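Lettering of chains follows the sequences in order, A, B, ..., and the numbering in each one begins at 1. Just so it is clear, the structure is predicted and the values come from calculations on it, not from any experiment.
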2 protein chains.
Amino acid sequence: MSVRRSMPSIEAVAREAGVSTATAGRALGGYGSVSGKSREAVLAAAERLGYRPNSLARSMITGLTHTLGVLVPDIENPFFSRALRGIADAAHERGWEVLLVNTDEDLSLERKALGVLTERRVDGLVVAPTDAADRDALQGVIEAGIPVVLLDRRVPGVEADTVGIDNRAAARDATERLLALGHRTIALLTGGDEKLRPKLARPGLRGVERLAATTVGARAAGYRDALLDAGIEPRPELVSAEGFRREDAAAATTRLLGLDDPPTAILALDSLLALGVLQALRRLGLRCPADVSLIAFDDADWAEAISPPLSVVAQPVYELGKEAGRLLLDRVQGGDRRVTHRRLPTRFIERESAAPRA
Amino acid sequence: MSVRRSMPSIEAVAREAGVSTATAGRALGGYGSVSGKSREAVLAAAERLGYRPNSLARSMITGLTHTLGVLVPDIENPFFSRALRGIADAAHERGWEVLLVNTDEDLSLERKALGVLTERRVDGLVVAPTDAADRDALQGVIEAGIPVVLLDRRVPGVEADTVGIDNRAAARDATERLLALGHRTIALLTGGDEKLRPKLARPGLRGVERLAATTVGARAAGYRDALLDAGIEPRPELVSAEGFRREDAAAATTRLLGLDDPPTAILALDSLLALGVLQALRRLGLRCPADVSLIAFDDADWAEAISPPLSVVAQPVYELGKEAGRLLLDRVQGGDRRVTHRRLPTRFIERESAAPRA
DNA sequence: CCACGGATTGAGAACGTTCTCACTCAAGCG
DNA sequence: CGCTTGAGTGAGAACGTTCTCAATCCGTGG
């Protein structure tokens with residue numbers, strides 16, 4: 001193995017070319033003015049020595065690292081990996097790179113990561129916050145002068161740009177479609193947050209408004225809206241919040257279908273949960289959609305390929321990421337601008353997993 | 001919006017604490033020796049000013065950026081996003097961060113990314129090379145003193161550590177299982193590289209050896225080994241290399257099943273391709289496994305949940321990433337070591353998509 | 001021939017750390 | 001008491017760029 005040899009500096013290039021470091025810098029960096037002769041000499045010298053500029057030193061001077069920090073709860077989740085792709089593409093489009101941190105839905109990790117990225121002097125941050133996001137830490141970063149764009153989830157009290165969908169309207173639409181098919185007993189599989197269930201039952205507006213602050217909450221609110229509009233009283237026991245994993249969803253489904261008045265349709269808030277539903281149905285010997293209809297959020301790549309093909313609420317995930325990246329870079333490069341909240345449209349894709357009630 | 005204000009430097013902290021920058025640095029950085037009194041004064045001053053060390057300046061001195069560059073062809077591919085998770089976990093374990101670049105299977109992008117990461121002075125690189133990886137660019141990075149670990153794919157002529165599976169043995173095993181079930185006409189769905197097909201037919205050892213250099217090639221070689229051992233002559237028309245997307249796989253499946261002597265079993269080299277197979281079967285009105293058996297590489301999260309549950313060759317994807325990260329950091333932190341090639345074991349998971357030949 | 005102006009150049013500062021070195025001071029030892 | 005020792009400290013160099021500023025060069029117009 002070769003010894004780690006230090007790369008040639010601009011000074012070495014300058015010496016080799018017989019000019020000053022200032023001139024070498026100008027020739028290599030493309031700023032200022034250099035004579036053709038000097039430029040050629042410098043470029044040739046750089047080529048000969050295998051010179052590579054040190055972007056750390058450059059960043060120290062210019063104050064720009066050309067780096068975007070990205071914080072996601074779980075890179076393995078297809079939603080985030082696709083969004084990340086969008087962010088990265090937006091970054092590369094304009095010559096930025098992406099420093100990625102997985103927060104693992106862990107609040108203390110998220111806070112720690114914000115600190116690390118601050119020390120690295122990233123030019124901006126795209127954050128998909130953990131559900132109980134650290135408001136103060138985020139606001140602190142913003143006040144330190146690092147622009148932030150929030151992806152997918154909002155954090156009340158943080159003055160940052162936001163990119164997401166209208167979760168409440170999307171859930172309402174999906175629920176209405178099930179209602180239109182004649183279903184009257186519709187279960188909601190949320191995955192998260194135990195606290196949702198009692199809130200759903202509470203009639204006051206306050207409860208729902210507070211509910212709508214998180215993504216899951218907003219979707220639950222939309223579900224509730226649709227039911228109430230159809231004159232159906234939401235039943236807390238039809239709302240499950242028993243974990244995000246597939247097995248959790250399978251267990252929840254089994255529980256729901258064991259109720260006295262079991263649901264004839266299920267709305268699952270993400271595609272992994274939908275997998276759990278299908279798995280449970282298969283174990284119980286029930287068919288979809290003949291016995292139970294199913295609509296899920298997110299158009300996973302397998303949604304069209306399985307049987308039955310899954311009817312889904314598709315989010316423009318890639319575009320969400322790309323838009324977040326662009327918004328952030330606009331703020332990094334451009335000047336100030338008022339905080340904007342961008343909502344991208346969802347699309348319902350009708351396949352075969354939701355059918356008229358038997 | 002607040003104006004982008006520059007963060008306080010160590011000099012500001014030193015002034016506030018009434019000591020020199022050297023002492024402030026020692027107190028904050030935890031090196032050298034500082035009296036308790038000075039330390040307290042400095043830490044209090046730092047707290048008051050909201051001081052955050054500038055890791056760029058630190059890196060300039062120490063020569064370490066505590067950053068690992070990661071190059072993957074497609075972050076959306078579950079294989080790579082899971083592996084990335086492993087790499088990131090290994091990095092964070094030891095206090096490193098991850099700079100991610102998507103190469104999009106594009107050779108010129110890969111080369112460009114290597115350049116950018118070199119300029120950023122990453123301490124090491126995990127590269128999942130594009131199939132036709134740029135040997136010279138990679139070797140150049142290594143010779144510049146940046147350690148590289150190759151993930152999943154090997155690149156002949158590049159002296160780097162490697163982490164992967166024994167592709168040839170895994171494919172051979174899967175094929176043998178189909179043979180054991182009585183199948184005699186087995187199709188191979190590769191996704192990649194048109195050039196494979198003629199090579200398969202060629203009898204000479206040379207052809208196969210060269211074949212085995214890439215991942216797809218090695219698997220094709222394993223498939224060939226198993227057939228030959230069973231006394232079956234490989235038929236080039238049973239090997240498909242018509243693209244990596246699901247639709248490509250569906251089209252290929254339709255073509256294969258339209259042959260005069262159609263396959264009764266299919267080996268798909270990744271899970272996305274398997275989805276295409278299932279989709280095509282459904283369109284053709286054929287059942288799996290009653291009419292056609294299917295085995296796929298990679299245990300996708302939906303593999304167990306669909307019907308029929310998919311029998312797969314599971315790779316320890318997360319562990320591959322983690323091992324790659326650790327190997328790289330060992331080399332970054334430790335001294336020299338001979339180049340090592342690590343092969344992690346695969347596991348065959350028998351479910352219901354492969355059944356005895358009708 | 002001289003003044004002028006723009007292009008070209010180089011010396012040295014600046015960025016914010018860590019590192020090197022020399023200095024002070026007090027304690028310990030003979 | 002003088003000498004050694006070691007902890008604590010600060011001045012200033014170093015890292016590799018870009019930036020600032022003044023100096024020089026060269027051709028042009030008067």
Side-chain angles (χ1 to χ4, degrees), chain A residues 4-43 45-46 49-67 116 118-123 144-145, chain B residues 4-43 45-46 49-67 116 118-123 144-145:
Chain A
R4 178 151 205 155
R5 64 157 175 258
S6 62
M7 309 192 184
S9 71
I10 206 171
E11 197 193 335
V13 174
R15 206 177 321 130
E16 170 89 6
V19 296
S20 69
T21 64
T23 301
R26 284 188 268 253
L28 292 166
Y31 54 90
S33 77
V34 201
S35 68
K37 199 176 138 205
S38 296
R39 173 175 296 111
E40 274 174 41
V42 170
L43 294 184
L49 297 174
Y51 169 76
R52 281 296 168 141
N54 182 330
S55 63
L56 297 172
R58 175 177 296 154
S59 294
M60 289 232 37
I61 298 293
T62 61
L64 271 186
T65 53
H66 286 267
T67 305
V116 169
T118 305
E119 296 188 0
R120 302 218 163 204
R121 300 298 192 260
V122 292
D123 299 326
Chain B
R4 176 148 207 159
R5 63 158 175 258
S6 63
M7 307 190 183
S9 71
I10 207 171
E11 196 193 336
V13 174
R15 206 177 322 130
E16 170 90 6
V19 297
S20 70
T21 64
T23 301
R26 284 188 269 254
L28 292 166
Y31 54 90
S33 76
V34 200
S35 69
K37 198 175 139 208
S38 296
R39 187 193 323 280
E40 274 174 40
V42 170
L43 294 184
L49 269 48
Y51 169 75
R52 281 294 168 142
N54 182 330
S55 63
L56 297 172
R58 174 178 297 155
S59 294
M60 289 232 36
I61 298 294
T62 62
L64 271 185
T65 54
H66 286 269
T67 305
V116 170
T118 305
E119 295 187 1
R120 302 218 163 204
R121 300 298 194 260
V122 294
D123 299 326

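Within the 4.5 Å cutoff, the side chain of A:M7 has no heavy atoms near those of the A:N54 side chain. Between A:R120 and A:T67, the closest side-chain pair of non-hydrogen atoms is not below 4.5 Å. Between B:S55 and B:H66, every side-chain heavy-atom pair lies at or beyond the 4.5 Å cut-off. Side-chain contact between A:L28 and A:L43 is present, with at least one heavy-atom pair separated by less than 4.5 Å.
Side-chain proximity of A:A22 to the nucleotides C:dC19, D:dG16, C:dG12 is greatest for C:dG12. Closest contact between the side chain of B:I10 and the listed nucleotides C:dA11, C:dT17, C:dC15 involves C:dT17. Comparing C:dT18, D:dC19, C:dT9 by their closest approach to the side chain of B:Y31 singles out C:dT18. With C:dC15, C:dG16, D:dG10 as the candidates, the nucleotide lying closest to the side chain of B:S20 is D:dG10. In the set C:dT17, D:dG16, D:dT18, the nucleotide with an atom closest to the side chain of B:I61 is C:dT17. Considering only the side chain of A:T23, C:dT9 comes nearest among C:dA11, D:dT17, C:dT9.
At the heavy-atom level, B:S9 lies under 4.0 Å from the strands shown only through sugar-phosphate atoms. Backbone-only contact: A:S35 has heavy atoms under 4.0 Å from sugar-phosphate atoms and none from a base. Backbone-only engagement by B:S38 is indicated by non-hydrogen atom pairs under 4.0 Å involving sugar-phosphate atoms exclusively.
Rounded to whole Å, atom P of C:dT18 lies 14 Å from atom CG of A:L56. If you take CZ of A:R58 and P of D:dC15, they are 19 Å apart, rounded to a whole angstrom. The CE-P distance, from A:M60 to C:dT17, rounds to 8 Å in whole Å. Separating the CZ atom of B:R121 from the P atom of C:dT17 is a distance of 21 Å, rounded to the nearest angstrom. At whole-Å resolution of the value, CE in B:M7 and P in C:dT17 are 11 Å apart. Atom CZ in B:R52 sits roughly 16 Å away from atom C1' in C:dG16 (whole-Å rounding).
The base of C:dG10 sits with one of its N or O atoms less than 3.5 Å from a complementary donor or acceptor on the side chain of A:R26.
Distances shorter than 4.0 Å separate none of the side-chain N or O atoms of B:S33 from OP1 or OP2 on D:dA7.
The OG atom of A:S20 sits 11.0 Å away from the CD atom of A:E11 when rounded to the nearest 0.5 Å.
With the 3.5 Å cutoff on both pairing distances, Watson-Crick and G-U pairs in DNA chain C assemble into runs of at least 3 at C:1-30 with D:1-30.
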